Amino acid sequence: MLRLHDTMTNTVRPLALRDEGKVSMYACGPTVYDLPHIGHGRYVLVWDVVRRFLISQGLAVTFVSNITDIDDHIIERAAEHGRTEQDVAQEFEHAWFSAMDLLSVLRPDAVPHATAFIPGMVALLERLLASGVAYQTSDGVYLDTSKIADYGVLAGQPLDQLRAGARIETHPEKRSPLDFALWKAAKAGEPSWDAPFGAGRPGWHTECVVMSLDLLGEGFDLHVGGQDLKFPHHENERAQAVGDGRVFATHWAHSGWVVVDGEKMSKSLKNFTSLTDLLARCDARAYRLLCLQSHYRAPVEVTPETIAQAEAALQRLDNLARRFRLAPIGPQPVVLSDAEVDPELLQTFVEAMENDLDTPRAFANLALAVSAANASADAGDEEAAGRGLAQSVAVLLAALGITLRSGLGEVDATAQDLARSRDEARARKDWATADRMRAELEALGYTVEDRNGETSLSR
RNA sequence: GGUGGCGUGCGAGAGCGGCCCAAUCGGACAGCCUGCAAAGCUGUAAAAUCCCCGGUUCAAAUCCGGGCGCCACCUCCA
């Protein structure tokens, strides 16, 4: 079983499944008020890899990830552009999923929208108010964090320290600076929903509890997200569930962030690139590979240079697929028990992955297999051991969400003729003509390689 | 102020007590292969303080203590 770092216990421990053979997993999704940026891409890739790996091991994974389609940013953006909140949310949700598709990130099994779960949230708040865990102020409903016994477990610091560090603007009606808004009372011109405790809209932390518990049930297996969601967001989600007397996620995992020149990529530092822009400029698989080559909890440096390095590494992998004429696998998930994979390679792969998702080591092992496959082909063993290894590499990469491209697609008639003429020229040792034809083919966008004395084309 | 983390070749980035004179990828150079290429393989240089100092140990990049430097979280943030 996969062993993952658990934020709550600060240990690496095996996933303990509520139902045998089934994994229930929740990731906080985007607030759709702007284009996704590279940091979103990384966390999404990390958890997609986890999900795919669990599936590859034969587990039935239910993955839920929400869309926050109402919040301050969306309202602000709508007001700026004279549009409705719904309109803004739809635009950026569309941009989000376009990017996800380019990245080969599997769609969640369910994509709950906050605005579709308001009644559940209202019901939760009524219960929390009734039991005294929440209280009402003139501008909404707040959670009384002092009523939550182990508040602060995810933050990993003592309560008084959290309070001391709280730099939130003072709010006279809040009982503690740590208390957070569950419901924001309606303001003129802003969207709102009716509720017994006054019209308004939900606070950010409220949606995820309601949606995750609704769709996955109490005590679901794994709640994931970026490190910066640990506190306050995840802490506050959990506080509401605990305050409601319910068992929340039993395992919490957090991924590291994207860094530029050693600094976290963020909007305020203006050092971010939108994911949409990145994917327009590079092979989306390269970004996945770059993320795979570092550990998911460590920061990863994303610059044009590191992307170019990953693209070069990918090229070598694609070359392998071309050499052995491998059929593409993916992007749908792979179940490894159904695939033919070199047993030794499979074992090292699974061992690395199960060890807190050691993708760098898993990839290093695959790279070794790539060399071995090529070497045995060089030795004239193209159809036996070499091919089996190459195929195994392709399967395991597919299990990580990377589909190799052989580039051996349709070659049009002109190119075929040229290739044939070139072979004739080469047979006569007319190198000048042959080289001119090679240049022509390259100009047409083909990669030209001589294989077994014949011109081999790919692109 | 508190909490967590990090510091490994030219770049990225593993390793977390012996198998490390430090994986893997990218880059450089050379050889083999090729008519020449491309692809590929092999090898070489690159970390002689694995930030520094001290300690534990038969054994430390890895553990402990102390420095120095950097980052993040404690506020919307993946």
Side-chain angles (χ1 to χ4, degrees), chain A residues 7 10 27-31 33 36-47 71-73 152 155-158 160-169 177-178 204 224-233 235 254-259 261-268 272 275 289-290 292-295 297-303 305-320 322-323 352 358-368 370-379 426 429-432 434-435 438-439 442 447-451 453 455-456 458:
Chain A
T7 308
N10 197 26
C28 295
T31 300
Y33 70 99
H37 78 257
I38 292 183
H40 294 108
R42 146 99 129 160
Y43 99 88
V44 135
L45 284 170
V46 165
W47 305 119
D71 103 307
D72 293 345
H73 295 291
Q157 18 188 332
D160 52 334
Q161 289 306 335
L162 278 176
R163 197 174 293 118
R167 277 179 276 152
I168 319 159
E169 71 283 14
L178 292 176
W204 180 39
V224 303
Q227 300 232 354
D228 39 12
L229 251 37
K230 263 200 291 212
F231 189 91
H233 185 56
E235 188 77 57
H254 291 96
S255 53
W257 41 76
V258 166
V259 140
D261 293 331
E263 281 192 318
K264 180 184 172 189
M265 179 177 287
S266 73
K267 295 214 163 181
S268 46
F272 74 97
L275 188 56
L289 186 58
L290 178 59
L292 249 22
Q293 282 187 281
S294 63
H295 188 79
R297 286 193 279 132
V300 60
E301 188 76 48
V302 181
T303 60
E305 290 73 33
T306 61
I307 289 283
Q309 289 180 5
E311 281 187 309
L314 195 57
Q315 185 62 247
R316 178 157 178 261
L317 265 15
D318 282 342
N319 290 342
L320 180 82
R322 181 164 77 246
R323 174 170 203 175
D358 192 351
T359 55
R361 201 173 96 216
F363 180 71
N365 288 137
L366 293 183
L368 254 16
V370 170
S371 295
N374 276 316
S376 81
D378 281 355
R426 291 187 70 226
K429 296 192 196 288
D430 179 358
W431 308 127
D435 289 350
R438 176 163 61 199
E442 280 168 354
T447 300
V448 183
E449 294 168 306
D450 295 344
R451 252 197 223 312
T455 298
S456 161
S458 57

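Numbered from 1 within each chain, the chains take letters A, B, ... in sequence-line order. In this text the structure is predicted, and so the values were computed from the model without any measurement.
- Within the 4.0 angstrom heavy-atom criterion, no nucleotide atom of any strand lies near A:Val44.
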Sequence-aligned protein contact record of nucleotides 36-43 of chain B, with B where the base is within under 4.0 Å of a protein heavy atom and S where only the sugar-phosphate is: BBBSBS--

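- Residue-level contact check: A:Gly41 touches neither bases nor backbone, having no heavy atom under 4.0 Å from any strand.
- In this entry B:rG4 has B:rC71 as its Watson-Crick or G-U wobble partner, both defining distances falling under 3.5 Å.
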Can you check each nucleotide of nucleotides 7-17 of chain B against protein heavy atoms at under 4.0 Å and return B for base, S for sugar-phosphate only, - for none, in 5' to 3' order? ----BSSSS--

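- Within the shown strands, nothing qualifies as a pairing partner of B:rA48 under the Watson-Crick or G-U definition with both distances less than 3.5 Å.
- The residue among A:Ala308 and A:Asn10 whose nearest nucleotide of RNA chain B is located toward the 5' end is A:Asn10.
- In this structure, A:Trp431 packs face-to-face on the six-membered ring of B:rG35, meeting both the 5.5 Å centre cutoff and the 30° plane limit.
- If you check every strand for non-hydrogen atoms under 4.0 Å, A:Gly39 touches a base.
- Taking the ring pair (Phe, Tyr, Trp, His ring centres under 6.0 Å) definition, one finds that A:Phe231 meets it with nothing, sequence neighbours left out.
- Each of A:Lys230 and A:Ala364 was assigned the nucleotide of RNA chain B with the nearest heavy atom; the assignment lying further toward the 5' end belongs to A:Lys230.
- The partner of B:rG65, taking Watson-Crick or G-U wobble pairs whose two distances both stay under 3.5 Å, is B:rC53.
- Residue A:Leu368 is in sugar-phosphate contact alone, with no base atom involved, counting any heavy-atom pair closer than 4.0 Å across all strands shown.
- Pair assignment for B:rA37: none, as no Watson-Crick or G-U wobble contacts are both less than 3.5 Å.
- Using a 4.0 Å heavy-atom criterion, one finds that A:Lys264 contacts the bases of the nucleic acid, with or without backbone contacts as well.
- The pairing partner recorded for B:rC25 is B:rG11, the criterion being a Watson-Crick or G-U wobble arrangement whose two distances lie under 3.5 angstrom.
- Between the side chains of A:Arg316 and A:Asn319, no donor N or O sits under 3.5 Å from an acceptor N or O.
- Under the Watson-Crick or G-U wobble criterion, with both distances below 3.5 Å, B:rA78 is left unpaired in every strand shown.
- A:Arg42 places none of its side-chain heavy atoms less than 4.5 Å from the side chain of A:Val302.
- Checking B:rC19 for Watson-Crick or G-U wobble geometry (two distances, each under 3.5 Å) identifies no partner in any strand.
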